[in-house]
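First comes the structure, then the notes that go with it.
Chain letters run A, B, ... following the sequence lines, proteins first, then strands; residues in each count from 1.
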Amino acid sequence: MESITLKKLKERFFDSVIETHSFRGDDTAVVKRVDIVEICRFLKEMPELSYNFLMDLTAVDYLGKKEPRFEVVYHFYSLKNKQRVRIKVPLPEADPTIDSVSSLWSVANWLERECWDMFGIRFNGHPDLRRILLYEEFQGHPLRKDYPVDKRQPLALPESHT
Amino acid sequence: MALEDALGGSVVLSRLDRALGWARKYSLFLYPFVTACCGMEFMAAAASHYDIDRFGAGLPRFSPRQADVLFVVGTISQKQAPILKRVWEQMCEPKWVVAFGGCTCSGGPYDNYATVQGIDTIVPVDVYIPGCPPRPETVLDGIMKLQEKIQNQKQEI
């Protein structure tokens, strides 16, 4: 039986939901990127759903395995209903950008920065999209599958006082 | 007539050098720059059981300005590199650097985007102590190697 969450989502965003599945109670919806902020707002603010907790935001690189290459994954939890849902958004290699949800959850600010840092996915409308774990001089995005495993990076050393 | 000539060449200077070397090698003030699991092994090696005080290295200082041996203990990430460099620059001469453990010697098991492949890419290293982590005996051997080096080097006054 299809869960209420996926049913509501499909009713409201008929054009944007690409597919859904619900394996052993794990609700997952694959959606298009155009409506991501509206979908998140709907999940958060609909009283029956109230997915008020963004647990995780990350990305996957399916280089050579799947088209389009990237997928951004959101995990939501409803503290009220004790329900989880997973939203996946495929992004093409040529233009890996998606709208930021940091206006809905403050935690998305840092999670999206990490996602940019590691996968090079740009979040439109993010207030401060800088690297968070690595340093400014770092070249490339290390969790992309085509990042060379033995690549050497320039050291970021301070100006010497001597 | 210069004092050196009166006493036959460089006799006085070389003796002073040796005396200074002897004094310096038994008066090591360590600054432990501890970042990872090797730190626990360093604590074990520096505690009473192995009696590191025999080598005059029993009193770690926790400010680089008060120390003359920089013990780099544990994995150094690329983001740690500028901090390590600055700490080294803050130490007064004469100063020495010991790389403690495989990670500081060569990056150890971490050949990846985040880890510095040996701290000798950042600061000059005098003694490398390999091991993951090094046994206390290896650490003591490393300190003795450092003492040997201090004894035999040209002493800056």
Side-chain angles (χ1 to χ4, degrees), chain A residues 56-65 69-73 91 93 96 107 109-123 126 128-162, chain B residues 31 33 35-36 63-70 72-97 99 101-126 128 153-154 156-157:
Chain A
D56 193 18
L57 190 167
T58 186
V60 189
D61 182 358
Y62 288 105
L63 178 68
K65 298 235 166 93
R69 178 176 165 186
F70 295 106
E71 216 165 55
V72 175
V73 187
L91 297 179
E93 183 175 358
V107 68
N109 186 318
W110 281 18
L111 292 171
E112 286 175 352
R113 278 177 67 187
E114 186 187 358
C115 211
W116 155 248
D117 200 356
M118 293 292 154
F119 290 96
I121 286 162
R122 285 205 161 272
F123 291 87
H126 189 286
D128 180 28
L129 195 64
R130 287 178 295 131
R131 289 188 183 276
I132 188 168
L133 296 172
L134 298 168
Y135 45 96
E136 285 305 315
E137 292 83 356
F138 196 92
Q139 292 158 1
H141 302 281
L143 291 195
R144 286 189 172 195
K145 294 295 181 202
D146 53 3
Y147 181 91
V149 72
D150 53 357
K151 185 178 160 86
R152 295 284 172 260
Q153 291 286 339
L155 280 170
L157 293 181
E159 293 289 318
S160 180
H161 300 294
T162 48
Chain B
Y31 175 79
F33 190 92
T35 57
S63 161
R65 293 164 201 272
Q66 300 168 349
D68 49 16
V69 183
L70 177 62
V72 186
V73 184
T75 321
I76 300 297
S77 66
Q78 302 266 5
K79 266 186 121 172
Q80 281 278 344
I83 302 163
L84 177 63
K85 182 78 190 270
R86 179 139 296 162
V87 164
W88 179 78
E89 282 173 348
Q90 285 176 353
M91 291 171 65
C92 293
E93 297 278 356
K95 59 184 170 186
W96 301 275
V97 179
C103 288
T104 53
C105 292
S106 68
Y110 307 111
D111 183 4
N112 58 29
Y113 64 89
T115 308
V116 172
Q117 301 298 302
I119 58 160
D120 47 13
T121 56
I122 309 163
V123 293
V125 177
D126 294 286
Y128 297 85
Q153 77 182 37
K154 174 92 184 76
E156 304 288 339
I157 302 167

Can you tell me how far the CD atom of B:Gln117 sits from the CZ atom of A:Arg152, to the nearest 0.5 Å? 4.0 Å
Any residue meeting side-chain contact (heavy atoms from CB on, under 4.5 Å) with B:Pro109, in chain and number order, not counting sequence neighbours: B:Cys103
Among residues at least two apart in sequence or on other chains, which ones pass side-chain contact (heavy atoms from CB on, under 4.5 Å) with B:Ser77? B:Lys79, B:Gln80
Sequence neighbours excluded, which residues qualify as side-chain contact (heavy atoms from CB on, under 4.5 Å) partners of B:Ala67? B:Tyr31, B:Arg61
Are there residues of residues 133-144 of chain A that reach to under 4.5 Å of chain B by heavy atoms, and which ones? A:Leu133, A:Leu134, A:Tyr135, A:Phe138, A:Pro142, A:Leu143
Look at A:Lys151 together with B:Asp111 and state whether they make a salt bridge at an N to O cut-off of under 4.0 Å. no
